[in-house]
Amino acid sequence: MKERNSIRSRIRALAAIVLATLSLQAAAQSKDVEVGLIAPMSGPWARQGQVMKMAADLAIDTINRQGGIKSMGGAKLKLSVFDAGDSVEKAKNAAQRMVADAPGLVVATGAYLSSFTLAVTEVTERAALPMVTFSYSDLITSRGFKYVFQTSATGDQQAEGSLPALMEMAEKASGKRPATVGIVMDNTAASVAFVKPIKDHQLEKLGLKLVVDETFTPPLANATPLIQKVRSARPDILFLLPTAISDAKLLLEKMNEFGLGRGKLPTVSNGAAILDPDLRSNMNVAQLEGVMSVVANWSTSSQKDAVAEFNRKTGEPWPTQHFLTTYGDMWIFKAALEAAGKADRAAVAKALRGLDLTDGAARYFPGGRVKFDDSGRRTGASLVIVQWQNGIPITIYPPKDALAAPVWPKR
């Protein structure tokens with residue numbers, strides 16, 4: 001009898017130890033998981049950075065409210081924000097501070113401008129910190145890095161896909177194909193990446209002649225000399241490629257002043273700066289009518305839940321590319337952390353490389369799939385063309401995702 005009681009005591013003690021161990025493991029696993037956002041929070045691109053933070057906060061709130069990372073005992077996501085500033089040097093310094101001051105950071109997103117992202121990822125790669133980005137430059141995922149993941153169609157892919165589509169739209173609407181092209185661009189990496197294939201071979205392939213070719217360094221102080229050249233040459237289609245909202249405003253207002261706006265000269269941009277609500281708030285909305293832009297992400301019918309949540313919880317009139325992709329990035333982080341089962345950079349990077357999602361996070365990206373190839377590029381990433389119509393930028397291409405028919409400006 002005495003021996004039986006002793007056995008029972010040992011069993012109870014062992015059970016207590018196991019229970020305590022499991023509790024400790026659960027407590028450890030349910031700690032916050034630190035995820036990062038590095039983006040411009042100051043300078044001419046601050047607006048975009050603030051929208052990205054808004055998206056991350058909103059997505060993280062939803063993820064945490066729905067139980068956090070279940071494979072890690074319900075661990076909650078915690079966002080740390082780092083200001084990339086207004087120059088490549090400041091962005092690189094911010095990245096160095098990020099990896100030094102936040103050793104617990106598991107994965108991050110950023111850094112808006114391709115020029116910034118190229119510098120930031122040089123730092124994050126050395127720190128083996130997984131970095132997800134929507135920046136456009138082809139160079140981002142052409143360097144053999146193992147910890148960089150690009151969700152957007154690259155600038156090269158966007159240029160290759162968009163120009164033939166734009167030519168078709170023009171011919172269908174006006175009965176003739178454009179013959180001449182003008183380019184006014186800033187010298188950031190995304191604009192350079194977009195223009196390169198156009199100049200390298202697309203103009204010749206499509207029978208187009210380049211009649212204006214101007215490049216400026218942002219921020220732009222005076223748009224008059226640039227638009228004077230456009231007015232003199234009068235191309236059939238103008239690629240207007242600013243990445244700062246203030247530069248887009250200056251250029252468009254000058255075009256209207258010279259009688260080239262409001263549909264008189266078909267104008268196409270690249271990126272979301274020219275589609276931002278802040279632009280509409282700071283200029284005559286009629287001056288935006290008909291302007292188009294090629295972007296990697298915009299509202300489609302598959303994103304209606306996120307758009308409804310966005311409209312309900314923010315004072316913004318519509319979600320931009322920066323919002324949608326950063327919102328989607330947080331859901332990619334969740335999927336990778338669920339697969340990894342621990343807050344470990346190498347494990348999360350491995351999980352990112354193994355993702356193949358057609359639901360969840362995939363709903364927030366054109367193409368409807370989140371899978372990365374060996375270089376880190378998202379498989380099947382596609383482009384979207386958006387046009388200002390009646391004061392709102394709305395998706396007009398591809399046809400399966402379009403929410404309105406394109407209106408080709410007539411000269």
Could you walk me through whether Q150 and R377 pass the side chain to side chain contact (heavy atoms under 4.5 Å, CB included) test, one step at a time?
CA-CA 5 Å; Q150 189 173 29; R377 289 182 184 172; 3.7 Å; yes

Residues D200 and K196 bridged, charged N to O under 4.0 Å
yes

Between S135 and T117, is any side-chain donor less than 3.5 angstrom from a side-chain acceptor?
yes

Any side-chain donor paired with an acceptor under 3.5 Å for Q50 and H322?
no

With heavy-atom distances below 4.5 Å as the criterion, would you say the side chains of K78 and N64 are in contact?
no

Any non-hydrogen side-chain atom of L113 less than 4.5 Å from a side-chain atom of P40?
no

Per the ring-ring contact (aromatic ring centres under 6.0 Å, His included) rule, which among Y147, F149, F145 passes with F372?
F149

Could you tell me whether the side chains of R369 and S382 share a donor-acceptor contact shorter than 3.5 Å?
no

Can we say K249 and E253 salt-bridge, meaning some charged N sits less than 4.0 Å from an Asp/Glu carboxylate O?
yes

Any side-chain heavy atom of D276 sitting closer than 4.5 Å to one from P393?
no

For D247 and F216: C-alpha separation, side-chain torsions, deciding distance, then whether side chain to side chain contact (heavy atoms under 4.5 Å, CB included) applies.
CA-CA 10 Å; D247 292 347; F216 65 89; 3.6 Å; yes

Answer whether the closest heavy-atom distance between the side chains of E214 and V230 falls below 4.5 Å.
no

For F333 against V132, the heavy-atom pair lying closest together
CE2-CG2, 3.7 Å

Output yes when a side-chain donor or acceptor of T109 lies under 3.5 Å from a complementary backbone atom of L37, and no otherwise.
no

Counting C-beta onward and ignoring hydrogens, is there a side-chain heavy-atom pair between F116 and V88 closer than 4.5 Å?
yes

If you take all heavy atoms of D138 and A193, which pair is closest and at what distance?
OD1-CB, 3.6 Å

Side-chain heavy atoms of D32 within contact of L77, under 4.5 Å:
no

Is there a donor in the side chain of D401 and an acceptor in the side chain of T395, or the other way round, less than 3.5 Å apart?
no

Using a 3.5 Å distance criterion without hydrogens, assess whether the side chain of R177 forms a donor-acceptor pair with backbone atoms of L208.
no

Pair K254 + E257: basic N to acidic O under 4.0 Å:
yes

Do side-chain atoms of R47 reach the backbone of L279 as a donor and acceptor pair under 3.5 angstrom?
no

Shortest non-hydrogen contact from D86 to G43?
CB-CA, 4.1 Å

Nearest 0.5 Å, what's the CG-OG1 distance between L129 and T121?
11.0 Å

So do R378 and K371 actually touch side chain to side chain, heavy atoms under 4.5 Å?
no

Using every non-hydrogen atom in the two residues, find where V295 and A272 come nearest and quote the distance to one decimal.
CG1-N, 3.9 Å

For the pair K199 and D213, find out whether any cationic side-chain nitrogen is under 4.0 Å from an anionic carboxylate oxygen.
yes

Between the side chains of T188 and D186, is a donor N or O closer than 3.5 angstrom to an acceptor N or O?
yes

Is it true that the side chains of T379 and D373 contain a donor and an acceptor less than 3.5 Å apart?
no

